Amino acid sequence: MAPTGEQHLLSTEIVNRGIESAGPDAGSMTFSVRVRRRLPDFVQSVNLKYVKLGYHYLINHAIYLATVPVLVLVFGAEIGSLSREELWRKLWDSTAGYDLATVLAFFAVSVFTLSVYFMSRPRSIYLIDFACFKPTDDLKVTKEEFIELARKSGKFDEASLEFQKKILQSSGIGDETYVPKAIMSPDNITTMKEGRAEASMVIFGALDELFKKTRVRPKDVGVLVVNCSIFNPTPSLSAMIINHYKMRGNILSFNLGGMGCSAGIIAVDLARDMLQANPNNVAVVVSTEMVGYNWYPGRDRSMLIPNCYIRMGCSAVLLSNRGRDYRRAKYRLEHIVRTHKGADDRYFRSVYQEEDEQRFKGLKISKDLVEIGGDALKTNITTLGPLVLPLSEQLLFFTTLVKRYFSGSKGKGTNAAKKADTLAPSSSGTKPYIPDYKLAFEHFCVHAASKTVVNELQRNLGLSDANVEPSRATLHRFGNTSSSSIWYELAYLEAKGRIKRGDRIWQLSFGSGFKCNSAVWKSVRSIKKPSSNNPWLDCLDRYPFEALS
């Protein structure tokens, strides 16, 4: 039993319902209860240093927010007190006293100042369009077929098969996800040949669709960023793409490996930096993971979990810094906030690739992963809050922050220091600040890792069923497609026709390291109808349904 003080951190779930087949209780209903640790209630304990970090980003531009309104008010008051004739007379009298050299010098300084200002401003990054790969129907499997394929491969004992079956039943994954045919083979499938074959299928499938939708030639792409966590061959996947599409020789290409499910936002961040340094350019970001190459054939239960969740998928995104692309762009990138907790050994080893006792390679998932993920999320959203929350929430937050800070500083010694650093409940009775992120965003694309994680995120952030509907639907229809899942979720919102001009979308992902990353997009135009190749078109009418929650 858990200590009394920790009972609120645990959640229960009824599993394995059935009828007792033998024994004195034969014929009676039976069930078992699974007890697991919840995500930490991270909005109830906001760390002050991360709040300061968010405000540091905001205050970098505070000089404009403070001075511009004052100048406008002063200038408006001065001009408002004069009639039109008096205004022209005053302007003529004040300028007539200057010679031509002084006037020209003034205009030269003004032009130079404005030029430096506009040249030093970060260029706007636009998302022209994106594509999500949809495998063919012959790769689609139900949960029962998945277990049968694993059984036919001859690589698992009955205990391992039964464990995977139980995981699938409570995973939130449906019966239309995709896996490569190679996993049913009794041979070794984690080979470079199999990895390259799967990579070619999903990556070229997504890129072919992207180039078709955007009418951009592969030779026009100036920056290419590819992320795939486990499968990293030589030559790289980015080189494979360049070779396949015969891209230009001076392309800036990058291949990110080993960065987990949050690498999609990291790749976008890298592409943004490259576009800021290279004007009049376009970038392609490819996010994927290889299912067959990650297939674990052993008996370690912590390594069997990825087998149950990870499914085939790939996304390709086209970004641009060209002003002329504004008219055809879908979204503008507003913010990216990245959090890395890898300095702590416990976080670093929470998702760890290694060999088991039988020398089979796999991803080992820590039993503390949910708690670790919750703490990384708390850090990330605390930093993001000051950048995106509206003024009303900012004022409430700042008032609570100051009140709790001074009430905590009245103590002495170490306890007082702890109270000043962490916004936890205090003796003053001031409640912790709980931001309402629904006031900052119209849409949420939370990484579809598992049903439990999505449910706990919904509870902690106070989101509605409609807010997490894209995540639940993506998990059910496509499974956990790793770093590309947030793009399948955005495709779901577009297919439903929910994206309106000016809407703000929050993409939130997390992965090994341990990392948590956020990207904020603003819709440039309304998406009235989905593209012809949207992966949701054949099943959109079935979502949402009650079984998802």
Side-chain angles (χ1 to χ4, degrees), residues 11 13-15 38-39 130-135 137 140-144 146 167-178 261 308-313 315 330-331 377 436-482 484-500 503-510 521 523 526-549:
S11 65
E13 180 182 3
I14 296 178
V15 296
R38 292 178 181 271
L39 274 176
F130 67 97
C132 296
F133 176 69
K134 182 181 178 183
D137 287 344
K140 188 183 297 184
V141 296
T142 65
K143 293 189 285 290
E144 289 75 14
F146 180 86
I167 292 293
L168 283 171
Q169 288 174 348
S170 60
S171 64
I173 293 177
D175 290 327
E176 295 184 284
T177 58
Y178 303 92
C261 299
C308 301
Y309 284 100
I310 303 298
R311 295 290 185 268
M312 293 178 69
S315 65
K330 284 186 173 181
Y331 308 97
L377 285 166
D436 186 358
Y437 282 91
K438 296 190 294 296
L439 298 176
F441 306 105
E442 282 73 33
H443 308 288
F444 299 80
C445 296
V446 178
H447 172 49
S450 71
K451 180 179 179 180
T452 300
V453 170
V454 173
N455 289 345
E456 290 299 313
L457 282 170
Q458 178 185 7
R459 181 181 65 85
N460 276 273
L461 292 175
L463 304 179
S464 66
D465 288 339
N467 294 144
V468 295
E469 180 186 320
S471 300
R472 285 185 176 139
T474 298
L475 180 65
H476 186 269
R477 177 62 180 84
F478 294 97
N480 181 347
T481 60
S482 189
S484 64
S485 69
I486 54 178
W487 297 104
Y488 284 87
E489 294 166 20
L490 186 55
Y492 178 85
L493 291 169
E494 289 189 357
K496 286 288 187 179
R498 297 177 183 173
I499 303 295
K500 308 300 180 186
D503 283 358
R504 297 153 298 179
I505 300 98
W506 181 15
Q507 290 183 322
L508 175 65
S509 64
F510 42 91
W521 303 87
S523 176
S526 298
I527 312 297
K528 297 181 180 179
K529 61 179 182 178
S531 62
S532 59
N533 292 322
N534 189 293
W536 293 93
L537 290 183
D538 67 336
C539 60
L540 189 63
D541 294 338
R542 302 201 301 268
Y543 293 94
F545 55 86
E546 293 298 327
L548 292 181
S549 58

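These numbers were taken from a predicted model, which means no experiment stands behind them. Below, all heavy atoms of this structure are taken into account, side chains as well, without hydrogens, waters or symmetry copies.
- No salt bridge links Glu442 with Lys500; every basic N to acidic carboxylate O contact stays at or beyond 4.0 Å.
- The shortest side-chain heavy-atom distance between Val453 and His447 does not fall under the 4.5 Å cut-off.
- In this structure a side-chain-to-backbone donor-acceptor pair under 3.5 Å is present from Lys496 to Tyr543.
- Note on ring orientation: taking the six-membered ring where Trp is involved, the planes of Phe441 and Phe444 are perpendicular (angle over 60°, cut-offs 30° and 60°).
- Checked by atom type and distance alone, the side chain of Asn460 pairs as donor or acceptor with a backbone atom of Glu456 at under 3.5 Å.
- Side-chain atoms of Thr474 come within 3.5 Å of backbone N or O of Pro470 as a donor-acceptor pair.
- Looking at Tyr178 and Arg477, their side chains do bring a donor and an acceptor atom within 3.5 Å of each other.
- Side-chain contact between Asp538 and Lys134 is present, with heavy atoms from C-beta onward closer than 4.5 Å.
- Put simply, the side chain of His476 does not reach to within 4.5 Å of the side chain of Arg542, judged on heavy atoms.
- In summary, Asp503 and Arg498 do not engage in a salt bridge, as defined by a charged side-chain N under 4.0 Å from a carboxylate O.
- The shortest heavy-atom contact between Leu537 and Ser532 is CD1-O, 3.3 Å.
- Taking the six-membered ring for Trp and the full ring otherwise, the centers of Trp487 and Phe133 sit at least 6.0 Å from each other.
- Remark: Lys140 engages Asp137 in a salt bridge, criterion side-chain N to carboxylate O under 4.0 Å.
- Here the side chain of Lys451 pairs no donor or acceptor atom with the backbone of Leu475 at under 3.5 angstrom.
- Lys143 contributes a side-chain N or O that, together with a main-chain N or O of Ile173, makes up a donor-acceptor pair within less than 3.5 Å.
- In this view, Ser471 and Val446, Val454, Glu489 satisfy the side chain to side chain contact (heavy atoms under 4.5 Å, CB included) rule, not counting sequence neighbours.
- A donor atom on one side chain and an acceptor atom on the other are found under 3.5 Å apart for Asn467 and Ser464.
- One N or O on the side chain of Trp536 and one on the backbone of Tyr488 form a donor-acceptor pair closer than 3.5 Å.
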